[in-house]
Number of protein chains: 2
Amino acid sequence: MASKSKMDGSIGAKNKQKILVAAEKAFATYGFKGTSVQQIADEAELPKTNILYYFKSKQGLYVAMLQDIMSLWNSRFDQVTEDDDPAESLADYIADKMTMSRTHPQASKIFAMEVLNGAPYLNKFFSNEHVAWMEGRVAILNSWIAQGRMTAVDPLYLLFHIWACTQHYADFSAQITSLRGKTMKRADFDEATRQLVQLILSGCGLTVPEKYAESAK
Amino acid sequence: MASKSKMDGSIGAKNKQKILVAAEKAFATYGFKGTSVQQIADEAELPKTNILYYFKSKQGLYVAMLQDIMSLWNSRFDQVTEDDDPAESLADYIADKMTMSRTHPQASKIFAMEVLNGAPYLNKFFSNEHVAWMEGRVAILNSWIAQGRMTAVDPLYLLFHIWACTQHYADFSAQITSLRGKTMKRADFDEATRQLVQLILSGCGLTVPEKYAESAK
DNA sequence: CAAAAAAATGACTAAGTGGTCAGGAAATTG
DNA sequence: CAATTTCCTGACCACTTAGTCATTTTTTTG
């Protein structure tokens with residue numbers, strides 16, 4: 001019927017997806033070197049040769065999975081303009097990133113490992129889209145500062161610190177769980193988000209929006 | 001002469017140290033699985049078999065190196081009491097941790113990898129010394145809050161956020177370098193430290209001590 | 001200086017790895 | 001329904017790896 005989709009391999013597409021999910025789980029747990037194609041195959045419940053049929057090599061699969069992951073790195077903050085409210089925009093951004101850490105910890109860990117390793121497969125992305133994104137956001141933050149709507153902090157470092165804190169909850173969950181004696185549940189993430197929003201916004205001379213203020217209890 | 005040191009193998013001790021240094025460099029760059037004993041041997045300029053002679057296995061060497069690294073995790077903040085000044089104590093702690101990221105990035109990366117991996121070799125440390133340390137620090141922060149000397153933030157999350165931001169400069173240096181277009185020099189670290197101290201302290205309702213205030217421009 | 005202990009090392013092994021390939025099964029298409 | 005393309009897979013290979021072992025060299029010690 002749909003003449004358009006010709007034959008993009010409905011079977012192939014489904015298997016590729018299955019493999020990508022398995023790869024994400026395995027790579028997040030054992031790293032690139034620590035993961036064997038066989039492990040991914042077991043996780044995906046497919047024979048090893050089948051993995052190599054869809055993805056030409058282990059590295060090819062890894063790169064495909066990385067691209068998949070990078071597409072998650074979008075948020076409402078991408079569309080914010082200098083006319084928006086600094087406090088609400090930043091608070092929402094922090095909350096979005098915290099949600100990512102809660103719902104996609106594996107993706108965060110893989111990203112972290114990749115950067116720790118010198119980001120060999122992300123350098124192109126970093127020096128293109130990412131730099132452009134950064135420049136746009138920095139300009140807006142500087143505009144807010146020039147308008148006297150927030151304290152004069154360096155926007156670059158501010159963004160670094162927001163990333164550091166939000167990703168920390170995914171990447172260092174093992175340490176956090178050990179120190180708390182229990183895993184972070186949804187309610188704990190909400191509390192951490194409030195704490196972080198308060199810290200960052202106060203640090204920028206902003207008032208915490210109603211919805212991120214102290215909750216029940 | 002010194003009858004005490006009997007024969008703790010002055011040669012052995014020196015070689016062990018050499019191997020540990022080489023191992024730190026290799027493991028930080030390629031991870032545990034990604035590093036071969038041969039690479040460490042090359043780096044240490046010793047035959048591979050010699051590595052296995054001093055450390056019974058690759059894993060044994062890794063654990064020994066981890067212990068070495070964990071001993072670096074001390075700072076002036078360990079001795080702070082509830083009578084000390086919150087602003088100065090916290091600012092100094094942040095500065096200490098930033099210095100660690102600048103001078104020992106490899107140690108930070110290895111620690112990060114280990115925790116990312118679920119901290120298999122650190123769980124014992126986490127649930128003993130580390131928890132005790134944490135409780136002590138939390139008590140002091142709570143005391144400062146009770147004394148009305150700082151805003152009522154949750155000390156646990158505050159410490160998480162300090163770690164996250166400071167370690168970020170070592171662990172994510174690849175990303176930071178890409179986005180800045182140049183590596184972080186000593187002066188950049190100093191600026192980042194001032195920015196972070198300002199952010200955190202303001203976020204806690206504290207006044208930034210003189211020595212961390214805006215510097216020459 | 002001889003005996004004992006510590007240090008060094010080349011040759012080897014057993015296990016695991018990513019990847020190839022040829023041949024066959026299933027699905028799609030004209 | 002035949003032909004073509006896509007999909008699937010067992011057998012296999014070249015290579016790397018951690019770790020062993022027997023032997024030799026160096027250092028320490030009585």
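What you see is a predicted model; the values in this text were computed from it and never measured. The chains referred to below are lettered A, B, ... by the order of the sequence lines, with proteins before strands, and numbering in each begins at 1.
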Phosphate oxygens OP1/OP2 of C/dA8: is one of them under 4.0 Å from a side-chain N or O of B/Asn15? yes
Out of C/dG18, C/dA8, D/dA18, whichever nucleotide has its closest atom nearest the side chain of B/Lys58: D/dA18
Between atom NZ in B/Lys56 and atom C1' in D/dC21, what is the gap in whole Å? 17 Å
Pair of N/O donor and acceptor under 3.5 Å linking C/dG18 base with A/Lys48 side chain: yes
Give the rounded distance in Å between these two atoms: CD of A/Gln38 and C1' of D/dT9. 12 Å
Cation-pi check, A/Lys33 onto B/Phe32 ring (under 6.0 Å, within 45° of axis): no
To the nearest Å, how far apart are A/Ile51 CD1 and D/dC7 P? 14 Å
Other residues, nucleotides and ligands only: do more than 12 of their heavy atoms fall within 6.0 Å of CZ on A/Phe189? yes
Mind telling me whether A/Phe160 and A/Tyr157 have parallel, tilted or perpendicular rings, with 30° and 60° as the class edges? perpendicular
What is the nucleic acid contact for A/Thr49, judged by heavy atoms within less than 4.0 Å: base, sugar-phosphate only, or nothing? base
Measure OH/A/Tyr53 against C1'/C/dG24 and give the value in whole Å, please. 13 Å
To the nearest Å, how far apart are B/Leu52 CG and C/dA8 C1'? 13 Å
Aromatic contact, A/Trp73 with A/Phe111 (centres under 6.0 Å): yes
So which one's nearest nucleotide on DNA chain D is more toward 5', A/Leu46 or B/Ser57? A/Leu46
Measuring from the side chain of A/Val37 (C-beta onward, heavy atoms only), which nucleotide among C/dG18, C/dT9, D/dT9 has the closest atom? C/dG18
Test item: B/Arg102 side-chain N/O and B/Arg186 main-chain N/O as donor-acceptor pair under 3.5 Å: no
Please give, in whole Å, the distance from D/dT23 P to B/Asn50 CG? 20 Å
Rounding to an integer number of Å, can you tell me how far B/Lys33 NZ sits from D/dA18 P? 9 Å
Please determine if a side-chain N or O atom of B/Tyr54 lies less than 4.0 Å away from the OP1 or OP2 oxygen of C/dA6. no
From OH of A/Tyr30 across to P of C/dG18 the rounded distance in Å is 14 Å
